[in-house]
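Here is the structure we will look at, set down as structure tokens.
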Amino acid sequence: MDPHYHPQAVEAEAQEYWEANRSFQVSEEPGREKFYCLCMFPYPSGRLHMGHVRNYTIGDVISRYQRMCGRNVLQPMGWDAFGLPAENAAMKNNVAPAQWTRENIEYMRGQLRQLGFAYDWQREIATCDPDYYRWEQWFFTRLLEKGLVYRRESTVNWDPVDQTVLANEQVIDGRGWRSGALVEKRRIPQWFVRITAYAEELLQGLDDLPGWPAQVKTMQRNWIGKSRGVLVRFPRTDAGEPLEIFTTRPDTLMGVTYMALAAQHPMVEAAAADNPELASFIDECNRGSTAEADLAVMEKKGLPLGISVRHPITDEEIPVWVANFVLMEYGTGAVMSVPAHDQRDWEFARAYGLPVRQVIAPATADATVDLDSGAYVDAGVLVNSGPFDGLDSAEAFDDIAAYLSERKLGDVQVNFRLRDWGVSRQRYWGAPIPVVHREDGTVLPVAEDDLPVVLPENIRYEGGANPLHSMTDFLNAGTDDAEQPLRRETDTFDTFMESSWYYARFACPDASGMLDARANYWLPVDQYIGGIEHAILHLLYARFFHRLMRDEGLVETDEPFANLLTQGMVLKDGAKMSKSKGNTVDPQALIEQYGADTVRLFMMFAAPPEQTLEWSDSGVEGAHRFLRRLWKLVGSDELPPVSVTDWTALQLTGNATALRRKTHQTIAKVSDDVSRRYTFNTAIAAVMELCNEINRFKPTGEGDRAVLREALESVVLLLSPITPHICHRLWFSLGHEQAVIHERWPAADPAAMRESELRLAVQVNGKVRAQLQVPADAAEDAIKAAALADENVQRFLEGREPKKIILVPRKLVNIVVA
RNA sequence: GCCCGGGUGGCGGAACUGGUAGACGCUGUGGACUUAAAAUCCAUUGUCCUUUGGACGUGCGGGUUCGAUUCCCGCCCUGGGCACCA
């Protein structure tokens with residue numbers, strides 16, 4: 001065997017073997033345990049970045065491990081191919097988005113192959129392929145028929161110079177990123193999917209996902225935001241509909257001193273008609289971005305409408321204000337303000353000189369209220385609340401709700417923060433929304449036989465308006481039954497639509513319908529892996545879409561992803577790697593210099609998968625050095641495999657017994673790390689320790705040789721999911737005829753792992769003062785006696801009698817004095 | 001602003017259920033080999049104290065405990081998400 005490790009040759013050889021043998025092509029095998037391992041598919045942005053390499057290496061390690069455990073493993077790969085960057089690239093480089101995207105896919109597919117991932121490439125999907133998105137279009141028309149999608153007006157960012165809708169990301173400090181023009185909010189009709197109809201189920205479903213990280217479930221719970229409160233109607237002092245608000249704190253109702261409305265609230269718009277100051281305030285509110293983060297940090301501003309309502313209990317007159325921090329999209333677009341017991345209301349009241357009225361007092365004497373420095377927001381006991389005085393907040397909630405309900409002034413209501421999913425995008429590079437418009441403004445779904453609505457790909461893209469607007473062939477959709485002309489919709493779908501069901505299509509990529517029975521063999525995904533940045537939106541939409549497909553009879557399960565691993569970001573210089581920040585590290589250069597195995601090993605070794613990984617160029621070299629040592633260590637053993645049937649019959653030297661113990665402890669440790677903890681970094685560290693021990697081991701007889709052999713084979717088997725190419729080669733060089741991918745994962749022998757002696761720490765008052773070597777089966781009293789007998793321990797006891805001796809089995813003895 | 005994370009040597013990280021802080025690797029330093037360099041191998045590498053040994057040390061300030069990186073309270077810094085980036 002070549003004494004030098006040449007990764008390029010080794011990796012080409014392994015990859016050719018896997019390809020020639022179609023090693024990773026799988027089909028349904030009823031009766032055999034399946035394992036569906038999926039990584040979030042990439043957006044084909046041009047080249048792989050380190051985040052991809054990290055994500056896909058984790059998935060590949062898990063897939064290859066599960067395969068060695070005997071499961072029928074599906075690991076597919078595809079492309080989330082629609083999206084904004086293709087349009088930006090088109091403008092910049094004068095190339096059609098379709099062409100740009102497909103060229104990127106070609107290149108990135110080659111990179112993934114070089115990294116040796118065990119994908120079933122026959123299942124490859126690109127979401128920009130009409131064979132894929134036609135089913136999304138079909139499904140949308142089904143939802144339309146069921147009333148699960150609807151059209152209404154909603155707000156977008158409008159660039160008045162470029163005459164185009166901007167994504168939040170394209171609005172920088174309230175201005176269009178290209179034109180620099182002040183962005184305006186504009187309301188246009190858009191399609192929505194009723195995710196709110198599934199809010200309760202999506203919330204409950206989280207309880208049935210033990211394989212999901214708690215933090216992700218918490219984020220989703222908070223996002224769905226279920227709350228119980230009261231819808232209160234405040235009658236107007238003049239004519240007109242009462243003002244409705246939702247509050248979770250009806251116990252503070254007696255402390256309301258003003259009402260606050262969103263600028264888009266109908267009552268505000270009506271009042272602005274004869275109030276120029278108000279009209280200009282609304283204009284001001286209608287500038288800038290629609291992003292919630294921007295709205296939340298804005299200076300809180302407002303204006304009185306000159307309108308008032310009556311308090312539903314006291315009949316007192318309450319002024320109505322418009323405020324820039326109230327969102328029309330939430331609740332009713334109006335809130336009751338209780339400055340004494342809500343911090344934001346308090347700040348607003350301070351700024352505008354509105355009264356602060358305390359109606360809640362602390363339930364315990366030690367709490368204090370200082371309304372000059374801020375609101376008192378905790379629950380407590382009602383004061384200044386007339387008939388409700390003395391009730392605690394919980395009782396007051398019920399009593400006040402009942403009072404309002406009897407008088408038809410309010411109702412207990414469950415409210416969700418979750419809003420319906422707006423899926424319309426005023427973009428070219430997306431799946432066309434399959435509807436047509438009549439001249440009278442009514443809308444019809446495209447008939448099933450007329451699907452897919454194919455997006456024209458051979459276009460010139462010059463930015464600004466959606467090029468579909470000027471394509472008469474596309475726009476002309478024939479006539480309806482009454483011979484009236486039909487115009488095709490030019491909006492396309494949110495790309496989250498495609499990524500909400502691709503995992504199911506991978507099970508049956510050539511199905512003649514949206515899905516077929518194969519989906520039910522493979523689903524749910526057993527292990528889903530992707531970036532933590534998708535913790536809410538993508539994962540929630542996919543969970544929702546899965547239920548929609550279930551209710552259409554397409555899948556049998558409730559949840560799409562049984563286990564979820566959220567990988568941390570790859571950062572450099574403390575920031576997410578991105579082209580715009582110019583801090584990317586190109587994996588390609590590393591693959592070419594060191595080989596795929598080095599890159600894979602380094603990525604898995606540098607940090608546990610859930611943690612952010614701060615990139616550093618050093619360390620890659622170290623991973624490569626380890627592989628070179630491994631090559632020499634294993635490759636130099638050219639004796640044939642040893643088969644031992646009964647290890648207990650062998651006479652082993654002390655060193656051999658120790659090495660065998662280390663081997664089996666390592667097998668146990670790595671198995672646990674890979675299968676339960678997903679801490680590949682500690683798994684690799686354990687194998688490195690074993691290699692260090694092998695290096696020090698000098699075999700002297702047949703038994704020693706058998707132990708060495710077992711250790712080397714274990715190293716290769718344990719590393720094979722992580723660095724599959726070098727292990728493929730080394731397994732053959734160890735004399736095996738079958739490729740390592742067909743081998744079973746090794747089992748740890750508990751008898752071999754047993755220690756005969758233990759090393760315990762001896763503490764005096766919690767500080768380590770000595771180390772103790774004791775037989776593994778030593779009695780408690782003997783251990784305590786030995787600990788007390790230690791010279792240094794005696795020195796620190798200073799003749800004092802131990803008050804207590806704490807013995808933690810296998811760990812330490814703590815002698816407590818004084 | 002709101003929701004969810006993170007903070008441990010010069011660096012990446014380990015310590016899994018409250019039990020010996022710093023595994024494994026990187027870097028640095030010293031040495032071997034070499035005409036020399038690279039590669040490789042060996043030793044060493046938290047700070048401080050003259051020591052066999054000891055003090056300090058896990059963002060900061062408190063608390064609980066025989067014992068806290070781990071649990072509790074209050075801060076600071078930092079990453080992710082906030083519904084049209086994917």
Side-chain angles (χ1 to χ4, degrees), chain A residues 40 42-43 45 80 82-85 88 156-157 165-171 190 213-216 218-223 225 290-298 300 325 329 343-344 418-427 494-496 499 531-538 540-541 566 568-569 571 574-576 578 580 602 605-608 610-616 618-623 625-626 628-629 632 672-673 676-677 679 681-682 684-689 692 759-768 771 792 795 803-806 808 810-812 814-817:
Chain A
M40 291 180 187
Y43 177 79
S45 56
D80 188 14
F82 279 132
L84 195 53
N88 297 337
V156 294
N157 301 306
V165 173
L166 298 178
N168 282 338
E169 156 182 275
Q170 298 173 312
V171 180
Q190 307 202 63
Q215 60 158 301
V216 173
T218 303
M219 281 191 262
Q220 292 214 351
R221 274 188 201 105
N222 292 340
W223 185 262
T290 59
E292 193 191 316
D294 294 332
L295 299 174
V297 294
M298 272 185 333
K300 310 283 177 284
F325 57 85
E329 319 277 336
Q343 187 60 23
R344 195 174 55 182
L418 183 68
R419 308 200 297 256
D420 277 335
W421 176 15
V423 296
S424 298
R425 295 293 179 270
Q426 294 69 45
R427 301 270 157 67
D494 176 9
T495 57
F496 276 128
S499 57
I532 183 66
E533 68 273 22
H534 296 292
I536 295 174
L537 292 180
H538 161 60
L540 190 62
Y541 290 143
T566 49
M569 305 243 153
L571 307 179
K576 178 178 175 175
S578 71
S580 60
F602 174 70
F605 183 56
E610 309 218 51
Q611 231 168 79
T612 55
L613 186 155
E614 178 74 29
W615 180 264
S616 87
S618 62
V620 178
E621 190 71 47
R625 196 150 47 215
F626 172 75
R628 280 205 302 261
R629 276 199 299 264
K632 270 200 347 215
D672 187 48
D673 284 353
R676 180 181 66 88
R677 299 179 69 212
T679 50
N681 55 328
T682 54
I684 294 165
V687 175
M688 286 175 169
E689 281 186 55
N692 291 341
R759 203 175 150 82
L760 303 181
V762 184
Q763 299 181 331
V764 177
N765 286 338
K767 297 205 178 221
V768 179
Q771 297 287 336
N792 205 43
R795 192 153 77 84
K803 265 184 155 175
K804 191 156 55 157
I805 299 179
I806 293 155
V808 183
R810 308 176 59 84
K811 302 263 179 181
L812 57 75
N814 186 14
I815 301 164
V816 185
V817 288

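Convention: sequence-line order gives letters A, B, ...; per-chain numbering from 1. Just so it is clear, the model here is predicted, and its values are computed rather than measured.
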Could you run down nucleotides 68-73 of chain B 5' to 3' and tag each one B, S or - for protein heavy-atom contact under 4.0 Å? ------
Protein-proximity profile, nucleotides 21-34 of chain B, B/S/- by nucleotide at the 4.0 Å heavy-atom cutoff, equals --BBSSS-------
Tell me if B:G62 is syn or anti. Syn = glycosidic torsion within 90° of 0, anti otherwise. anti
List, with names and distances, any nitrogen or oxygen atoms from the protein found under 3.5 Å away from nitrogen or oxygen atoms belonging to nucleotides 57-59 of chain B.
none

Is there a side-chain contact between A:R677 and the phosphate of B:C16, meaning an N or O under 4.0 Å from OP1 or OP2? no
Strictly below 4.0 Å: does A:K767 bring a side-chain N or O up to OP1 or OP2 of B:C56?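 True: A:K767 side-chain N/O within range (under 4.0 Å) of B:C56 OP1/OP2.
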[X] near the nucleic acid: base, sugar-phosphate alone, or nothing, with a heavy-atom cut-off under 4.0 Å?
X      : answer
A:Q220 : nothing
A:L84  : sugar-phosphate
A:T679 : nothing
A:P42  : nothing
A:A293 : base

Atom pairs, protein N/O to nucleotides 2-9 of chain B N/O, distance under 3.5 Å:
unit_1 : atom_1 : unit_2 : atom_2 : d
B:C3   : O3'    : A:N222 : ND2    : 2.8
B:C3   : O2'    : A:N222 : ND2    : 2.9
B:C4   : O2'    : A:Q215 : OE1    : 3.2

Those residues that, when tested against [X], pass salt bridge (Lys or Arg N to Asp or Glu O under 4.0 Å) (two or more places apart):
X      : answer
A:R676 : A:D672
A:R425 : A:D494
A:R795 : none

For RNA chain B, stems built from three or more consecutive Watson-Crick or G-U wobble pairs below 3.5 Å: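 If one scans RNA chain B for consecutive Watson-Crick or G-U pairs, the stems found are B:1-7 with B:76-82, B:10-12 with B:24-26, B:28-32 with B:40-44, B:46-49 with B:53-56, B:59-63 with B:71-75.
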My understanding is that only residues two or more places apart in sequence, or in another chain, count here; which of them pass ring pair (Phe, Tyr, Trp, His ring centres under 6.0 Å) with A:Y541?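 A:W421, A:F496.
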Who passes ring pair (Phe, Tyr, Trp, His ring centres under 6.0 Å) against A:W223, sequence neighbours left out? none
Could you list the protein-to-nucleotides 43-50 of chain B atom pairs, N/O on both sides, closer than 3.5 Å?
none

Whether the side chain of A:Q170 engages the backbone of A:A167 through a donor-acceptor N/O pair (distance < 3.5 Å, no angle test) should be reported. yes
Tell whether A:E169 reaches the base of B:C84 with its side chain through a donor-acceptor pair below 3.5 angstrom. no
What about A:N157, does its side chain sit under 3.5 Å from the base of B:C84 through a donor-acceptor pair?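 Side chain to base: no pair present.
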Tell me every residue that passes side-chain contact (heavy atoms from CB on, under 4.5 Å) with A:V816, counting only those two or more places apart in sequence or in another chain.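 If we apply the side-chain contact (heavy atoms from CB on, under 4.5 Å) test to A:V816, skipping adjacent residues, the hits are A:N765, A:K804, A:I806, A:N814.
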